[in-house]
There are 2 protein chains.
Amino acid sequence: MTSAERRQRERTEMQALIRETAMRLFTSEGVENVSMRRLAEAIEYTPGALYSYYKDKAELLYALHVEGFAKLHALQLTIDPKSPPLARLRRCGETYLQFAFENPQLYELMFISRSIMPIIEEQCAWDQGLRTYDFLRTIVRDCMAAGHLPNGELEGATYAMWSLVHGAASLVLRGRCPVIPEGQGHALVRQAYEFFMRFLESKTTVGPS
Amino acid sequence: MTSAERRQRERTEMQALIRETAMRLFTSEGVENVSMRRLAEAIEYTPGALYSYYKDKAELLYALHVEGFAKLHALQLTIDPKSPPLARLRRCGETYLQFAFENPQLYELMFISRSIMPIIEEQCAWDQGLRTYDFLRTIVRDCMAAGHLPNGELEGATYAMWSLVHGAASLVLRGRCPVIPEGQGHALVRQAYEFFMRFLESKTTVGPS
DNA sequence: GGTCATCGTGAACAGTGTTTAATTATTGAC
DNA sequence: GTCAATAATTAAACACTGTTCACGATGACC
């Protein structure tokens with residue numbers, strides 16, 4: 001059995017090498033500029049070899065997508081669960097934006113790219129995404145309970161919060177910031193988020209359901 | 001000269017035919033499933049012929065992008081400029097979302113796709129986008145003046161507003177709605193936007209700069 | 001040593017955007 | 001009407017893309 005084990009180990013190691021190399025190429029040359037051929041060349045193999053480790057390019061991207069969500073969730077877990085709800089909400093958005101700007105290629109895969117969607121729909125593999133989304137929802141619920149947000153429509157409120165940060169990040173990542181000089185998009189995003197959070201913090205709603 | 005004029009007219013007519021056919025194919029088969037070959041086949045020409053009317057695929061897409069912004073701006077102009085600022089802000093977001101959902105392929109071109117960015121950066125052709133953005137900014141400014149939003153940081157506030165609706169729309173268009181069954185994303189977006197606007201409408205800030 | 005499965009290769013297929021030489025069609029002048 | 005110039009269109013190619021598959025090599029087990 002020791003030999004079969006080694007083969008298995010080498011397989012997963014090879015998969016890891018492929019993922020790491022792909023991620024490295026993505027960050028240095030952009031997601032859409034990395035082909036299977038270039039990736040194969042980078043690990044000094046033939047393109048065909050890749051397909052015995054990942055059935056698809058989509059499946060490889062999906063694997064990175066999963067790693068990305070793990071990374072994002074780890075970032076979420078740095079938020080002190082004992083801090084006040086509104087402070088947690090603020091930090092939650094901040095970590096999200098931080099993740100987006102530090103890992104733009106990964107962010108693209110996770111929230112913008114359409115290439116991995118077939119796989120997600122096929123095997124209903126939303127677990128990764130749902131976990132981070134649930135994290136946000138819980139915070140929003142706590143904010144409602146604490147009277148910082150009007151009660152009711154928890155799902156809508158959570159989605160609004162997500163929309164705000166995703167919209168802000170993705171517009172910058174896709175270069176849709178006509179107002180801002182160039183590469184100054186981050187500052188505008190921070191300013192927008194700050195504006196929104198300060199508005200929230202300055203109000204306190206005590207509305208019933 | 002009458003002949004040269006006719007030639008010119010036929011040229012622009014051909015360009016229009018190309019754009020219309022492209023738009024039709026996009027809406028029926030999705031942006032990324034339409035190649036220059038298929039487009040050429042649809043207008044019963046050879047692929048190469050397209051390149052004497054548009055130098056690039058990017059330039060063709062950019063032409064559609066311009067048309068899209070004209071359409072969006074026309075929609076903005078249906079908003080009554082004499083209605084209260086907050087009502088205008090509400091309508092502004094609603095028309096934006098309406099546009100996104102009624103023209104998903106066009107929306108993709110205008111706010112998500114990266115293929116047209118080279119052209120925009122090259123000739124600094126932000127006029128179209130800036131006009132619709134200025135429209136929003138003016139409304140936000142009026143809302144600040146009327147005390148519905150805290151004063152100061154006009155740019156950040158405008159961008160936050162845009163981020164909210166763009167984020168909400170693009171997450172649905174890219175299929176990132178794990179919570180929602182399928183094709184029900186519009187309802188979630190409407191719910192989120194409604195939540196946000198109601199929160200805004202229930203508060204009135206009278207803060208100084 | 002012989003058998004067998006796994007792994008990697010190289011070549012191919014179908015598709016993409018794009019260019020270019022050659023061909024066709026159309027125009028304007030005589 | 002004929003002929004030269006000009007414009008429009010084509011066919012073929014180039015360099016890519018993701019992907020598949022028969023073949024050969026390599027190592028593991030008996």
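Per chain, numbering begins at 1; letters A, B, ... match sequence-line order.
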### Task
May I ask you to list the residues of residues 105-114 of chain A, by number, that have any heavy atom positioned under 4.0 Å from an atom of DNA chain D?
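Hits under 4.0 Å, by residue number: none.
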
### Task
Please list all pairs passing the ring pair (Phe, Tyr, Trp, His ring centres under 6.0 Å) test where one or both residues lie in residues 167-194 of chain A, with sequence neighbours left out.
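Every pair satisfying ring pair (Phe, Tyr, Trp, His ring centres under 6.0 Å) with a residue in residues 167-194 of chain A: A:F101-A:H186.
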
### Task
Sequence neighbours left out, what passes side-chain hydrogen bond (donor to acceptor under 3.5 Å, both in side chains) with A:E20? Give chain and number order.
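Not a single residue meets the side-chain hydrogen bond (donor to acceptor under 3.5 Å, both in side chains) criterion with A:E20.
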
### Message
My understanding is that only residues two or more places apart in sequence, or in another chain, count here; which of them pass side-chain hydrogen bond (donor to acceptor under 3.5 Å, both in side chains) with A:E201?
### Response
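By the side-chain hydrogen bond (donor to acceptor under 3.5 Å, both in side chains) rule, A:E201 matches A:R90.
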
To the nearest angstrom, how far is [X] atom [atom1] from [N] atom [atom2]?
X: A:R9; N: D:dA28; atom1: CZ; atom2: P; value: 12 Å
X: A:E32; N: C:dG17; atom1: CD; atom2: C1'; value: 15 Å
X: B:E10; N: C:dT26; atom1: CD; atom2: P; value: 10 Å

### Pairs satisfying salt bridge (charged side-chain N to carboxylate O under 4.0 Å, His left out), at least one member in residues 109-118 of chain A, at least two apart
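Qualifying pairs: A:R114-B:E32, A:R114-B:E108.
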
### Message
Show me the pairs that pass salt bridge (charged side-chain N to carboxylate O under 4.0 Å, His left out) and involve residues 59-76 of chain B, at least two apart or across chains.
### Response
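Of all non-adjacent pairs touching residues 59-76 of chain B, those that pass salt bridge (charged side-chain N to carboxylate O under 4.0 Å, His left out) are B:R19-B:E67.
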
### Rounded (10°) bend between the five-pair end axes of the helix from C:dG8-D:dC23 to C:dC30-D:dG1
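Rounded value for the end-axis angle: 20°.
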
#### Entry: Under 3.5 Å: donor-acceptor pair, side chain of B:R176, backbone of B:R174
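Yes; at least one donor-acceptor contact below 3.5 Å.
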
### Task
Please collect all side chain to side chain donor-acceptor pair (under 3.5 Å) contacts where either partner lies in residues 155-166 of chain A, sequence neighbours excluded, each pair once.
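Non-adjacent pairs meeting side chain to side chain donor-acceptor pair (under 3.5 Å): A:Y96-A:W162, A:Y107-A:H166, A:R137-A:E155, A:H166-B:S170.
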
### Pairing residues for B:P85 by the side chain to side chain contact (heavy atoms under 4.5 Å, CB included) criterion, not counting sequence neighbours
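In terms of side chain to side chain contact (heavy atoms under 4.5 Å, CB included), with neighbours along the sequence ignored, B:P85 is linked to B:R88, B:D142, B:C143, B:A146.
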
### Query
Who pairs with A:F135 by ring-ring contact (aromatic ring centres under 6.0 Å, His included), at least two apart in sequence or on another chain?
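Listed in chain order: nothing, the list is empty.
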
### Task
Please name all residues satisfying ring-ring contact (aromatic ring centres under 6.0 Å, His included) with B:F69, sequence neighbours left out, ordered by chain then number.
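Expected list: B:H65, B:F111.
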
### Task
Assign a letter to each nucleotide of nucleotides 7-20 of chain D from its 5' end: B, base within under 4.0 Å of a protein heavy atom; S, sugar-phosphate only; -, no contact.
SSSBB-B---BBBB

